[in-house]
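As structure tokens, the structure follows; a few thoughts come after it.
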Amino acid sequence: LSVATSKMTSRASSQISLLLDKRYSKSINQEDPQCKICLCDCPTEAMVTLDECRCSFCQECLKQYVTFEIMNGSYDISCPDPACPTQGVVSQQQMETLTDKELLDKYRTF
């Protein structure tokens with residue numbers, strides 16, 4: 001019984017090692033940046049880089065963040081990364097591409 005358990009443990013740990021090796025090699029070769037909000041690896045073309053601080057987020061997360069901030073009455077919408085070294089803000093031009101006209105009109109009334 002202990003021999004069978006030993007083989008199973010050895011086999012399982014070998015499979016885990018292989019899985020980790022695959023993930024590690026994938027992360028080394030992977031070009032896709034990680035969104036700092038959802039922590040998913042996204043294709044570069046799906047990312048938005050803030051003009052002021054150069055932090056990057058996937059377009060969907062940043063759109064939801066900007067929408068939430070406007071709905072809560074924020075005027076200067078800061079970078080969603082709490083560790084942002086420059087504490088940049090989302091530019092007017094970027095807000096226009098991330099929101100619809102109705103939401104943008106609401107933002108402009110602030």
Side-chain angles (χ1 to χ4, degrees):
L1 184 68
S2 65
V3 173
T5 304
S6 174
K7 285 183 179 178
M8 287 175 42
T9 305
S10 175
R11 182 168 185 239
S13 64
S14 295
Q15 289 176 339
I16 291 171
S17 295
L18 286 173
L19 179 63
L20 291 174
D21 286 344
K22 285 180 185 177
R23 285 186 181 169
Y24 179 71
S25 65
K26 182 180 178 185
S27 67
I28 290 174
N29 297 328
Q30 193 168 7
E31 299 283 330
D32 293 341
Q34 186 181 59
C35 173
K36 294 179 182 183
I37 297 174
C38 66
L39 303 178
C40 292
D41 295 330
C42 300
T44 305
E45 57 272 3
M47 298 292 283
V48 175
T49 301
L50 298 183
D51 294 333
E52 196 169 304
C53 61
R54 309 308 299 161
C55 291
S56 294
F57 309 93
C58 72
Q59 185 171 359
E60 187 58 35
C61 284
L62 196 56
K63 180 178 180 175
Q64 289 178 17
Y65 173 75
V66 167
T67 299
F68 176 80
E69 291 294 310
I70 291 173
M71 295 303 287
N72 284 314
S74 296
Y75 183 73
D76 284 332
I77 300 175
S78 63
C79 174
D81 181 2
C84 177
T86 61
Q87 292 299 304
V89 295
V90 180
S91 71
Q92 180 76 29
Q93 181 183 6
Q94 288 179 315
M95 275 193 269
E96 289 173 4
T97 61
L98 292 167
T99 61
D100 58 25
K101 183 182 179 337
E102 183 179 319
L103 196 59
L104 201 55
D105 288 343
K106 180 179 175 79
Y107 170 76
R108 289 181 177 143
T109 62
F110 296 135

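- Formation of a donor-acceptor pair under 3.5 Å by the S91 side chain with backbone atoms of Q94 is found in this model.
- With rounding to the nearest 0.5 Å, the separation of NZ in K36 from SG in C58 is 13.0 Å.
- In the hydrophobic clustering of this structure, I37 groups with M95; members are Ile, Leu, Val, Met, Phe, Trp, Tyr whose side-chain heavy atoms approach within less than 4.5 Å, directly or through other members.
- Minimum interatomic distance between S78 and V90 (heavy atoms only, all atoms of both residues): O-CG2, 4.4 Å.
- Distance check, rounded to the nearest 0.5 Å: SG of C84 to CZ of R54 gives 11.5 Å.
- For D51, the salt bridge (Lys or Arg N to Asp or Glu O under 4.0 Å) test picks out no residue, with sequence neighbours left out.
- Residues F68 and I77 do not share a hydrophobic cluster, clusters being chains of Ile/Leu/Val/Met/Phe/Trp/Tyr side chains in contact below 4.5 Å.
- Of all non-hydrogen atoms in C42 and D32, the two that sit nearest each other are O-CB, 3.2 Å.
- Remark: C40 SG to E60 CD distance equals 11.5 Å, nearest 0.5 Å.
- In this structure, K106 and I70 approach most closely via the heavy-atom pair CE-O, 3.8 Å.
- Side chain of Q59 to main chain of A46: no donor-acceptor pair is present (N/O by atom type, distance under 3.5 Å, no hydrogens or angles).
- Applying the side-chain contact (heavy atoms from CB on, under 4.5 Å) test to D100 and every residue at least two apart in sequence or in another chain returns E102, L103.
- Using a 4.5 Å cut-off between side-chain heavy atoms of Ile, Leu, Val, Met, Phe, Trp and Tyr, with links allowed through other members, L62 and Y75 fall into the same hydrophobic cluster.
- The distance from the CD atom of Q92 to the OG1 atom of T97 is 10.5 Å, given to the nearest 0.5 Å.
- Taking E96 as the reference, R108 meet the salt bridge (Lys or Arg N to Asp or Glu O under 4.0 Å) condition, with sequence neighbours excluded.
- For the atom pair Q87 CD and C79 SG, the distance stands at 7.0 Å (nearest 0.5 Å).
- Residues Y65 and L98 form no side-chain contact, since every pair of their non-hydrogen atoms from C-beta on lies 4.5 Å or further apart.
- Between P33 and M47, the shortest heavy-atom distance links the atoms CG-CG, 3.7 Å.
- Between C61 and C35 there is a side-chain heavy-atom pair separated by less than 4.5 Å.
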